Q: 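First, the structure itself, so that you have it in front of you.
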Amino acid sequence: MSEKVYRDPVHDMIRIKTDTDEGKLLSRLIDTAEFQRLRRIKQLGLAHYTYPGAEHSRFTHSLGAMHLACRILDKLSAKYLIPEEDQLIVKCAALLHDIGHGAFSHVLEAILNFHREGILSPKHLLNSYLRNWMSTEWITFYAILT
């Protein structure tokens, strides 16, 4: 079994099986420049100046959100029939939910009376590789979530 392992301070080990279609997709989404830029954006703004351990990036936050979505789906799938395609949609949505954020984005929204949901859409955020993978239904679903 081939896998990518991300060590996380909150969730410990986040594993993605790269020998499945789902794992390949999640891995390729993580490897895109759009997702990698989240490494440079702090999830907690300037909190690290007061709390030096507050070094959480939007990258690790998004990986953690996907990890929790996987755990929740595992529990729900034991009791309910959830189609694999729907599970993949939930995992991708959890992984990509912060993809449009910039630095201090929520603070700037309040100061500038500007809300990113009004101008950003998935088609602007996803590069050509992602657009080839995602169906029209997924993009509509993601637009509803954001």
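This structure is a prediction, so every number in the text was calculated from the model and none was measured. This chain uses plain numbering: 1 for the first residue, then up along the sequence.
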Q: Assess whether side chain to side chain contact (heavy atoms under 4.5 Å, CB included) is satisfied between Lys24 and Thr20, documenting all intermediate values.
A: CA-CA 6 Å; Lys24 288 175 187 172; Thr20 65; over 6 Å; no
Q: My understanding is that only residues two or more places apart in sequence, or in another chain, count here; which of them pass side chain to side chain donor-acceptor pair (under 3.5 Å) with Arg7?
A: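 Partners of Arg7 under the side chain to side chain donor-acceptor pair (under 3.5 Å) test: none.
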Q: Below 3.5 Å, can you tabulate the donor-acceptor pairs from side chains in residues 11-19 to any protein atom, sequence neighbours excluded?
A:
{"from": "Arg15", "atom 1": "NH1", "to": "Glu3", "atom 2": "OE2", "distance (Å)": "2.8"}
{"from": "Thr18", "atom 1": "OG1", "to": "Ser2", "atom 2": "O", "distance (Å)": "3.3"}
{"from": "Thr18", "atom 1": "OG1", "to": "Ser2", "atom 2": "OG", "distance (Å)": "2.8"}

Q: What distance do Ile89 atom CD1 and Glu85 atom CD have between them, rounded to the nearest 0.5 Å?
A: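 The CD1 atom of Ile89 sits 5.0 Å away from the CD atom of Glu85.
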Q: If you round to the nearest 0.5 Å, how far is NZ of Lys91 from CG of Asp86?
A: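 Reported value, rounded in 0.5 Å steps: 11.5 Å.
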Q: Please evaluate residues Leu26 and Cys92 with respect to the criterion side chain to side chain contact (heavy atoms under 4.5 Å, CB included), reporting the C-alpha separation (whole Å), side-chain torsions for both, the decisive distance (0.1 Å), and the verdict.
A: CA-CA 7 Å; Leu26 293 171; Cys92 289; 4.0 Å; yes
Q: Considering only residues two or more places apart or on different chains, which pairs with a residue in residues 71-92 satisfy ring-ring contact (aromatic ring centres under 6.0 Å, His included)?
A: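 Qualifying pairs: none.
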Q: Can you sort out the partners of Asp31 under salt bridge (Lys or Arg N to Asp or Glu O under 4.0 Å), two or more places apart, ordered by chain and number?
A: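 Lys4.
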Q: Kindly compute the distance separating CD (Glu22) from CD (Gln87), expressed to the nearest 0.5 Å.
A: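 Here the rounded value is 7.5 Å.
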Q: Please enumerate all residues that pass ring-ring contact (aromatic ring centres under 6.0 Å, His included) together with Phe35, with sequence neighbours excluded.
A: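 Partners of Phe35 by the ring-ring contact (aromatic ring centres under 6.0 Å, His included) criterion, ordered by chain and then number, come out as Phe59.
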Q: Can you measure from CG (Asp98) to CG (Leu38) and round to the nearest 0.5 angstrom?
A: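 Asp98 CG to Leu38 CG: 6.5 Å, rounded to 0.5 Å.
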Q: Over all heavy atoms of both residues, which pair between Asp8 and Val10 is shortest? Give the atoms and the distance, please.
A: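 Result for this residue pair: OD2-N, 2.9 Å.
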Q: I need the Ser62 OG to Leu95 CG distance, nearest 0.5 Å.
A: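 Between Ser62 OG and Leu95 CG, I get 6.5 Å after rounding to 0.5 Å.
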Q: List, one per line, each side-chain donor-acceptor pair under 3.5 Å for residues 65-75, sequence neighbours excluded.
A:
none

Q: Which heavy-atom pair separates Gln36 from Ile30 by the least distance, and what is that distance?
A: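 In terms of heavy atoms, the two residues are closest at NE2-O, 2.7 Å.
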Q: To the nearest 0.5 Å, what is the distance between CZ on Arg58 and CD1 on Ile41?
A: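 One finds 7.0 Å between CZ of Arg58 and CD1 of Ile41.
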